[in-house]
Each structure stands twice: as structure tokens, then as C-alpha cells.
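Chain letters run A, B, ... following the sequence lines, proteins first and then strands; every chain starts at 1.
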Amino acid sequence: MTRSEAILEAVSLRKVFHTGGVFSRKEVIAADDVSLALRPRHAVALVGQSGSGKSTVIRMLAKLYDPTAGAILYEGEDVTTKRKRRDIFDYRSKVQMIFQDPFGSLNSTQKIDYHLRRPLRLHGKVKNARDERLRIGELLERVSLTPVDEFAKKYPHQLSGGQRQRVAIARALAIEPRVILADEPVSMLDVSIRISILNLLIKLRDEENIAFLFVTHDLSSARYFSDEILIMHKGKIVERGVSAEVIENPQDDYTRLLLSSIADPSRVF
Amino acid sequence: MTVSQPAAPPKRSPGLWASLPDWVATLLSNPRAMAGLLILLALVLVAVFAPQIAPYQPDRIVARRDLPPSSEHVLGTTSLGQDVFSQMVFGTRISLAVGFATGTLVVLIAMTIGITSGLVGGRVDNVVSMIVNVVLVIPQLPLIIVIASWARNTGPITIILVLAATGWAFGARVLRAQALALRNSEHITSARLIGEPIWRIVFFEMLPSMISLVAAAWIGAVIFAILSQAALEFIGLGDPAVVSWGTILYWAQNNTALISGRWWTFVPPGLAIATVGLALTLINYSIDEITNPRLRRIRIPKDAMRKPESRPREEPSEQGGLVQIRGLNVDYWTATGPVRAADNVSFDIRPNEVFGLAGESGCGKSTVAYAISRLHFPPAIISGGRIFVDGQDVLAIPDKQLNKFRWDAVSMVFQSAMNSLNPVITIGEQFVDVIQAHRDMDRKAALERGRELLEMVELDPDLIDSYPHQLSGGMRQRVVIAIALALNPKLLIMDEPTTALDVVVERQILQRVKVLQREFGFSILFITHDLSLLIEFSDRIGIMYAGELVEVAPAKALYTDPQHPYTRLLMNAFPSIHDDRTGRYGIEGTPPDLRTPPTGCRFHPRCDVAIAGLCEVVVPPVVSTGDRLARCHLLSEEYAERAVK
């Protein structure tokens, strides 16, 4: 695949945080020389442990943080320095994000249909009330929250963790993005339901040509979901390649250490 | 996990009630809050209908001076001959108006400054915080006295303005802290990402989470304003021509009512102020209960609260394990009654064994661990069963001896334990504390033991002089494990001990723990959601589902030949790292609500091999074969016989 096919590209992104109060200044390099390219119908996993800088990278791509250096290209256009409200709004109508915590990412005082109605209205996706109801139902159906009328009228606390995560996915879908940035979307869910959420994301990737960046600390789910794996360590990408290749034939010492640390009963018995 | 999850709010009837936010409904169902609201409502009605209620004009001379209460003048007359009762009724207007106006103004200023500061952050926040801190240390009442005596017009408006100008800082600080915490929360970020305008983020995303804080700030400001106004007027800084509770007191004092004992002129205003304070305090207290579910009162019957040690003692079985759990029931009491989080759980942990316990969130695995070390507090109650540790009947240990039992026989390491080290004393002191509380050992020897323990968990013994913040998360968790092992416990309970750590660090720590366990011969109860890790690390494993233990087996047998369908599905729910990618489906559905567990086998709604007509009707028997057991109809002889036929 060539570079030109990429929708969203990160070119040598660098982020330096300044910590300390007014008088003391310490520098922390959270991400350094991070480059990656996201393509339609393709998932890239950014794998690293806590503090590796993977969350910083995804937040720069969501334009929640400004990079210290480097560039973000959307369809080849440099969007790094666009800070106007309107420009950021346009950018986010194409690039959406899903969060780790299904209990924290929804507004507990509003019903499920509110969470879908807002993005539909804000991004002008519906013309009238009837249209709106139909679209909300359709979105809930796409994430398998049926019967839709029942789910639309529930509050977040009445749903399980997996169901809430489906609502969060539906909210991102409402905007009809071309890129979804998923920040540890299954790590707070029970192992028993993780795969169903990943299967849903795979379906969206394959059937709707969405480009995914999947940030995770778990190599197994990275392998299950992604076409390509990038291993991040101390702010830098230390290894990258086709998923199976990285796992079966790791080149970097840190990747090997990471792989040998993962529990695998088949190794023991 | 069940332990920390408050029960879902009780169902409400539809209609107007359902359209109210939860916290309002809870407020209205709280007797204390209702009492407060009713008193307040009564006072407001008195203020509104003062002309209709008061028998006389408050400032008119209607009778002889200093008359004691009589049927004509319920609260007597003043030194000028005015009716005290009528003055009290009209005074309610001013006092409440000043209180409510000030409270509202204070909250508006506090909200604007606090939320802006928290939302904008950075330099603005630094400057605002500095100003808030300065305003906070200004003594309010003396300042008000100075300003009030300097201002020409000291009517109610001045008092409102002065009180508001000095009273906003506390509320602003609380709301700023809350806004700062909410700013980076995922639901605010989500709202920003879908393009919500800033005003909607403030009003629809932030304010609902702050409403109880705002209400508390308002109530505090109202009480303070009413008291301050009365105080100012009492010392003569108000407008004596206005009839209010404060000026009634002022005139009473001026006319020597306090000395001559004409109580009817000064007791009523005092009582009225106290009543407003009481009403608002009642409401405020209920708001605390609502925001903090732990304060909520749940009625637990007396016989359920019976102290465990008052139960008859029993002896453990001779050939059982180090830990013997027999028919353990743990109930969590909710507003709608008890919910059984652990139901008839029985298993043994043998000496020198790692016993793993797994299951989905809320299955009761942590509940069992808490029960073994008697860490449950109401509303969680051990309602049945026996627990023996090393021959000791745990549920019969008197409260006073629990501390000794907890460190000497059983010690625990939790997921967030690394954050539980005391940050202000050195690692060495923490060892000394624990060791000296249980052993007759001098400081020097205890420190020496501490160094030895640090070496055991592969840390540099010189770290004994460092403080917790100087160590990484993994190092701190090693310290916690070292402290847990300080008194050579028979059983070490580890509840998700390494979930917050990197896989690399996790593996290193667990490998070390395993070496120590083999060397010193203690037993481990290991709880984690990571089944692969559990299988690698444990000798035997128990699987829990919906409060019940559904399978117990040696780790290898469980991995190669799971007997319970749930175990099999759980194990195949996620591919291992070297698995070829194939479509997998996890386990359909979600764990049941324990308030209404499914009939028959609790797993039947999600089971892929459930037998219609049997599994949803009959509770499956516990079938034990050799060193394993499982709770499933498919394993029972009756079913096998039926299948053959």
C-alpha cells in the first residue's frame, strides 16, 4: 500500500509536557518521532504499557493535545496548526474517538437516545423529528442494542459495561466518521464480552470502510483486531509490522520481553 | 465488583415522578429532607401571607407597653406597645428574603468563578485560586461589621451585597475542584469531540454532576446570611426602622428586656432563626446522604446483624485443608432487601497451595476473599456458613482478636495496595509498625527483618530508608507483598494484585511470589480476571458464577478438560496470543441480576448446551469426581442414565 492511500497520517509527532508549578519546570517527553498511517478498512494497533505514550499519541490525533513537533495530515492536508473552532469541528466530523471507560464516557443524567440525538443534530445528519427517530433506531440496531425502542429510553446505569460501550460506539458512528480512534475500548470489560465488542468493530471496519487506530496494552486483542501492530516503549515506536509477523517473529528486545511476559497456558501444559 | 457497586435505585412509578432526576426523588423519599422541606415551606408561607396572618400592623402601637403573652397578644407586646407576634410574622419576610437572595447570589458568583477557573485552567486558574485563598482567610463577620458601619445605607440590600461579596470563596473553591476533576473526564471529552458548544457542556454535562454541591453551597450561604443579618442588626448596624428578627432583638436589648426577664421579646426571634437553621441543616444532611450512598441508611433486621462470634463454635474437619469454607453465604443489604453475593460457597485451600478464583465482575470472588479475613462491614453481612483457617473458626473470633488474626494467620494484598503505603513515613517505619504490633521485637531487629524481607522480594535492602513516592508502582507493590509476608502468615490473599501494573512487571513479581510460596510453604488465594494468568500460576482453580462456585479443579485439568460449560466458554472467550485468528463470540448475554437470579441453573440463559425442560427448572447437583467438582446437570448420573435410554 502506498502513502497516498492513507486518510490520516502522523508524521514524526513529538509531545513534550512541562510539569511542575510556576517556578519549577521539568520536561517529560511523552512521545517522540511517532509516525503512522491509517487507511480505510484497515486497523492499526498501537501497543504499549502504561506510560509508554500511546494515550498521548491518540489524543494528539483527536486534536485534544497540540503536538510539540511533527505533523498530522488528513487526506494529505496538514491539519496540525488548525485551531479554529470551525476547523476542529470539521476535522472531528471525520475523526471520532471511543474511550476506555464505558461507565465514565456517558452522561449519567441523560437517556441513551440523547447521546445519539446530540451528534446527529450537531452535525446536521437529520432533517426532522421522524427522521431523527429512525436514525437513532438504525444506529442502535447497528450496534445490536435491540429492541431499540427499549434501549433508547434507558439510562446509562441501567446498562451493562458492554452495552454502554456499544452506545459509545453508536455515538461515534452517528457522525459518520471515516476514522475511529479507539482508546483501550475493551480493557475495562469482562473477558467474556470483549470479543463481541471487537467483532462489532471488525464489522464496522470491513463493511463501512472505517480506518481504525486501536490503542491497547493487550497484544492478544491487538492481534485479533488489527492488521498492523506498532509497539511503543518510552515514547518511541520500537517495532512495527504485520500483526502475526510481529508476534510470531519479534525483532526488538522489548517486544520479545513483552511477549514472554504474557500468560499463555499452552506454554505450560 | 459487587463490593463497591451501590445497588441500583429502586424502581419508581411512571409519570411526573419518573421525569425527576434520581437525586430529587431520593430527596423527596428521605424523611429528614421531607421534615426540613416542610418546615421551610411553612416559613415561606408565613412570609408570603404575613398581612393575612398577622393580627396587627407590626410597627403600630396597639396596646400597653411590655404586656406578657395573653390571648389578645399571643407573644405579648414590646416596650413601645407593638404586637410581638405580628412583628415576628412580618420579620420572616426580611430574614428569608435576605437569606435566599444572598444564598442565590453567592452560588451564582461561586459557580461562575469556580467553573470558569476549572474549565479554562492554566494561568487563569492559578490567579483565581490565589484570590480565592486570600478571600477565604479574611474573617467574614468582622469584615462585614467594618463595611456595614462604613456604608451609609445599612438596609437589607447593603447586607445582601456585603454578605455575597465576602461569602462566595468557599463555594467557588469546591466547584472549581469539581470542574477541574470533570474537565478531563471521559464524558466531557466525549461531548467536546462530538462538537457540543461550551455552554451546553457546562449546563448539560457538568452542572448535573455538581448539583448537590451547588445545593449544599446555597444552603450554607442561606444559613450564614440569616445569622449574619440578625447579628448585624442586633449590634445596631442594620436599619432599626425595618421590622426583622434582628431588629426585634436589637430593640429588646435596648429596652433592657434581657435584664428584666421579658422573654417574649427575645426568645421568639432566637427560636425562629434556629428553626430556619434546623430546616436547612436537615435538607443539607440529606443531600450528603444522597451524594454519598455509604451514608444512606439501609434497614437491616437485628437478627441479621448478630455478631458472628456469638454463633456456636464448630470444629473443622480433621482431614480438610488449611482453609475450609463450608456453605458460606454473604448478603449485601439494599433498600429493597438482601442480595446474596456469595451463595453456599464451599471449598478448601490446602497447605502450600496456590488456589485461584475466577469469574466475571460481580460473581462474588472478592466477596469470598473478604469473608475469609472478616473484612465485611454492613451492609455486607456473612449470613451463613463456616470458615476455618488453620483450625480456627474465623467467624467466632472476637472483634478484638481480629487484628492479630488478620496479619498472623491471613494477610491480604489488593489491586491498589501499592497506594495504601503511608506516604509520610519511610518503608522501614512501616515494617517496624507492623512487626511491633504483633511481635515482641525491638526496633533494630524489626528493621533488620525489614531489610531481609525487601531482599526476599528482590528489592535493594537499602530502600528501607526511602519514602513510598520515591519508588515505582511495581516496587511499591513488592514492598506491600513484603509487609504482608512479614509475620509468616499461613495464607496470603491476593485480589488482582498486579492488574494495575505492566505485564512485564506483573510476571516478574508473580514469579518471585511463587518462589517464596514454595520456599516458605504458605498458601495463596489468588483472584484475577485474567484466566490465562490464573491457570499458569495456580495449583487448583475455582470458577464462580452469579454468587455460586460452579467448578473446582486442578489447573491443568481445568485447562485441558473443563467440565462446566461456563468454564469452557470463559476459557474460549478470548484467543490466546498465539492463536490463529478465527471468528470467536465470547459468551452471549450478561451475568444475571443477583436480586432475581434465574431459576434452575443460574447459567442456563447463557449456556450453549442447556437442556430444555431441565436446566431452567431444576437446580443442578454438585457432582464430584476424584479431585474435582462441578455444578452441572450434564455431569449428573441421572442425566447420563436418561441420555443412555
Asks: Chain B: which of A:Ser260, A:Ser192, A:Ser220 shares the most heavy-atom pairs with it under 4.5 Å?
Replies: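 Looking at each option in turn, the highest pair count goes to A:Ser192.
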Asks: Rounded to the nearest 0.5 Å, what's the gap from CE on A:Met232 to OG1 on A:Thr56? Could you check?
Replies: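 Atom-to-atom, A:Met232:CE and A:Thr56:OG1 are 7.0 Å apart.
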Asks: Need one label for B:Phe204: side chain, backbone, both or neither, based on atoms under 4.5 Å from any heavy atom in chain A.
Replies: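 Both backbone and side chain.
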Asks: For B:Arg200, is it the side chain, the backbone, both, or neither that has a heavy atom closer than 4.5 Å to a heavy atom of chain A?
Replies: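 Interface part for B:Arg200: side chain.
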Asks: Under a 4.5 Å cutoff for heavy-atom pairs, which residue among A:Glu248, A:Gln110, A:Lys63 has the most contacts with chain B?
Replies: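 Looking at each option in turn, the highest pair count goes to A:Glu248.
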Asks: Is A:Gln158 reaching over with its side chain to a backbone N or O of A:Tyr155, donor-acceptor style, under 3.5 angstrom?
Replies: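 Answer holds: yes.
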Asks: How close do A:Leu120 and A:Glu132 get, counting heavy atoms only, and between which atoms?
Replies: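 What the structure gives for the nearest pair is CD1-O, 4.3 Å.
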Asks: Which answer fits A:Leu106, side chain, backbone, both or neither, if we ask what part of it has an atom under 4.5 Å from a heavy atom of chain B?
Replies: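 Just its backbone gets close to chain B.
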Asks: Quick check on the interface: out of B:Leu570, B:Val504, B:Ile535, who has the most heavy-atom pairs with chain A under 4.5 Å?
Replies: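 Of the options given, most contacts go to B:Val504.
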Asks: Mind checking whether B:His564 and B:Tyr545 have ring centres under 6.0 Å apart?
Replies: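 No, the ring of B:His564 stays outside the 6.0 Å limit from the ring of B:Tyr545, centre to centre.
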Asks: Count the heavy atoms belonging to other residues, nucleotides or ligands that lie under 6.0 Å from NZ of A:Lys234, then report whether that count exceeds 12.
Replies: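 For A:Lys234, atom NZ is not crowded (no more than 12 foreign heavy atoms under 6.0 Å).
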Asks: With a 4.5 angstrom heavy-atom cut-off, is it the side chain or the backbone of A:Phe89 that approaches chain B, or both, or neither?
Replies: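 Only the side chain of A:Phe89 comes within 4.5 Å of chain B.
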Asks: The test is salt bridge (Lys or Arg N to Asp or Glu O under 4.0 Å); show your working for B:Asp593 and B:Arg595 and say whether it passes.
Replies: CA-CA 5 Å; B:Asp593 183 344; B:Arg595 285 173 298 185; 2.9 Å; yes
Asks: Counting heavy-atom pairs under 4.5 Å with chain A, which one of B:Arg606, B:Glu186, B:Gln508, B:Glu536 comes out on top?
Replies: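 Option with the greatest count: B:Glu186.
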Asks: For each of A:His217, A:Arg121, A:Gln100, tally heavy-atom pairs with chain B at distances under 4.5 Å, and name the one with the top tally.
Replies: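 Between A:His217, A:Arg121, A:Gln100, the count favours A:Gln100.
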Asks: Sort A:Ser160 into side chain, backbone, both or neither according to what part of it lies under 4.5 angstrom from a heavy atom of chain B.
Replies: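 Side chain only.
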Asks: With respect to chain B, which residue among A:Ile193, A:Val191, A:Leu259 yields the maximal number of heavy-atom pairs within a distance under 4.5 Å?
Replies: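 Counting heavy-atom pairs under 4.5 Å, the top option is A:Val191.
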Asks: Treating B:Gln477 as the side-chain partner and B:Pro497 as the backbone partner, does any N or O pair qualify as donor plus acceptor under 3.5 Å?
Replies: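 Judged by distance alone, yes, a pair lies under 3.5 Å.
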Asks: Using non-hydrogen atoms only, which part of A:His123 is less than 4.5 Å away from chain B: side chain, backbone, both, or neither?
Replies: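 It is the side chain, since no backbone atom gets that close.
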Asks: Is the NZ or CZ atom of A:Lys154 both under 6.0 Å from the centre of the six-membered ring of A:Phe151 and within 45° of that ring's axis?
Replies: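 Yes, a cation-pi geometry holds between A:Lys154 and A:Phe151.
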Asks: Which bit of B:Pro197 is near chain A, if near means a heavy-atom gap under 4.5 Å: side chain, backbone, both or neither?
Replies: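 Both parts, backbone and side chain.
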Asks: Compare every heavy atom of B:Pro554 with every heavy atom of B:Arg628, then report the nearest pair and how far apart it is.
Replies: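 Looking at all heavy atoms of both residues, the shortest contact is CB-CD, 4.3 Å.
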Asks: Go through the atoms of B:Ala555 and report whether side chain, backbone, both or neither lie under 4.5 Å from a heavy atom of chain A.
Replies: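 For B:Ala555, the contact with chain A is made by backbone and side chain together.
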Asks: So what's closer than 4.5 Å to chain B heavy atoms on A:Ile98: side chain, backbone, both or neither?
Replies: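 For A:Ile98, there is no contact with chain B at all, as no heavy atom is under 4.5 Å.
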Asks: Is chain A contacted by the side chain of B:Thr590, its backbone, both, or neither, given a heavy-atom distance below 4.5 Å?
Replies: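 Contact with chain A involves the side chain of B:Thr590 alone.
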Asks: Flag yes if more than 12 heavy atoms outside B:Glu588 fall under 6.0 Å of its CD atom; otherwise flag no.
Replies: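 No, the 6.0 Å shell around CD holds no more than 12 heavy atoms from other groups.
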Asks: Is it the side chain or the backbone of A:Asp183 that comes within 4.5 Å of chain B heavy atoms, both, or neither?
Replies: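 It is neither, since no heavy atom gets under 4.5 Å.
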Asks: Tell me, side chain or backbone of A:Leu258 under 4.5 Å from chain B's heavy atoms, or both, or neither?
Replies: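 For A:Leu258, heavy atoms of backbone and side chain both lie under 4.5 Å from chain B.
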Asks: Between A:Tyr91 and A:Lys82, is there a cation-pi geometry (under 6.0 Å to ring centre, at most 45° from the normal)?
Replies: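 Ring-cation test returns no.
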